[in-house]
Amino acid sequence: MTLSAPLKARAKVREFALSLPGAVEEFPWEEDAVVKVNKKIFVFLGPEGNTESPGISVKLKDEEVHGHAMAVPGAAPTSYGLGRHGWVSVPLTGESAPAEVLCDWVEESYRTIAPKRLIAELDAG
């Protein structure tokens, strides 16, 4: 089975997120995947095989980075009140940011959530 570009991007983001120190994948809402550090979510991945509306949500505190993410066509503040805390939902479409940029945003989100000792471990690596 060949993965579509959005699902390839999701797979790359997932792999990157899980490579960060202390990161674990969980499924708190049945098939919806999240990646956590220190029991706190730093990226929402949604369902693995979602071909209808694949996307990720990340917490971006840096205004410039947040603005860049919001410029992606279809991007929006994350629902359930998370948007007001810097969370952005980015659709994974042909018009989405490249996977490398998505991974940069995941790292930014991780740095916002992770304890200082794990950030130091990431920086040392």
Side-chain angles (χ1 to χ4, degrees):
M1 180 175 109
T2 305
L3 291 178
S4 65
L7 293 183
K8 283 181 187 174
R10 183 197 181 279
K12 188 167 186 170
V13 165
R14 179 184 174 274
E15 180 181 352
F16 174 76
L18 290 172
S19 75
L20 297 170
V24 295
E25 183 175 40
E26 292 185 7
F27 298 87
W29 305 282
E30 296 184 24
E31 77 270 358
D32 284 354
V34 300
V35 183
K36 294 181 173 184
V37 61
N38 203 31
K39 299 182 181 173
K40 294 182 180 178
I41 297 170
F42 68 93
V43 61
F44 290 87
L45 295 170
E48 184 174 351
N50 181 1
T51 55
E52 287 184 32
S53 59
I56 64 167
S57 295
V58 287
K59 186 172 186 175
L60 303 172
K61 287 289 196 178
D62 181 279
E63 284 185 37
E64 187 176 328
V65 175
H66 189 274
H68 186 224
M70 287 296 291
V72 171
T78 304
S79 57
Y80 303 108
L82 294 173
R84 68 175 160 241
H85 299 289
W87 285 89
V88 179
S89 294
V90 181
L92 300 178
T93 65
E95 300 173 9
S96 187
E100 295 76 24
V101 173
L102 295 170
C103 289
D104 287 347
W105 294 343
V106 168
E107 183 175 335
E108 174 77 21
S109 186
Y110 173 87
R111 289 176 179 278
T112 301
I113 306 289
K116 288 181 175 56
R117 65 180 170 78
L118 291 177
I119 294 170
E121 186 178 322
L122 175 63
D123 291 340

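The side-chain heavy atoms of V35 and L18, taken from C-beta on, include a pair separated by under 4.5 Å. The side-chain heavy atoms of F42 and V58, taken from C-beta on, include no pair separated by under 4.5 Å. Within the 4.5 Å cutoff, the side chain of L118 has heavy atoms near those of the V37 side chain. Within the 4.5 Å cutoff, the side chain of P28 has heavy atoms near those of the V34 side chain.
Linking ILVMFWY residues whenever their side-chain heavy atoms come closer than 4.5 Å, directly or via other members, places V65 and F16 in the same cluster. A continuous path of ILVMFWY side-chain contacts below 4.5 Å connects V106 to V101, so both sit in one hydrophobic cluster. There is no path of hydrophobic side-chain contacts, each under 4.5 Å, that joins I119 to V43.
F44 and W29 have parallel rings, their planes meeting at less than 30° on a 0 to 90° scale where 60° marks the start of perpendicular.
Considering every non-hydrogen atom in both P77 and G83, the closest pair reads CB-CA, 3.8 Å. Of all the heavy atoms in W105 and A97, the pair that sits closest is CH2-CB, 3.8 Å.
Put simply, NZ on K12 and CG on L102 are 9.5 Å apart, with the number rounded to the nearest 0.5 Å. Note that the CG atom of D32 and the CD atom of E48 stand 12.0 Å from one another [nearest 0.5 Å]. With rounding to the nearest 0.5 angstrom, the CG atom of D123 is 12.5 Å from the NZ atom of K116. To the nearest 0.5 Å, atom CD of residue E108 and atom SG of residue C103 are 13.5 Å apart. Interatomic distance, CE of M70 versus OG of S89, reported as 9.0 Å (0.5 Å rounding). Distance NZ/K8 to CG/L92: 14.0 Å, rounded to 0.5 Å.
With Y110 contributing its side chain and P21 its backbone, the two residues share a donor-acceptor pair below 3.5 Å. In this structure a side-chain-to-backbone donor-acceptor pair under 3.5 Å is missing from R14 to E25. S109 contributes no side-chain N or O that, together with a main-chain N or O of L60, makes up a donor-acceptor pair within less than 3.5 Å.
Checked against T112 for a side chain to side chain contact (heavy atoms under 4.5 Å, CB included), the options E107, H85, K59 give a single hit: K59.
Within 6.0 Å of CD in E31 there are more than 12 heavy atoms belonging to other residues, nucleotides or ligands.
Checked against a 6.0 Å centroid threshold, the rings of W87 and Y80 do not count as neighbours.
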Verdict with supporting geometry, R111 and D62, salt bridge (charged side-chain N to carboxylate O under 4.0 Å, His left out) = CA-CA 11 Å; R111 289 176 179 278; D62 181 279; over 6 Å; no

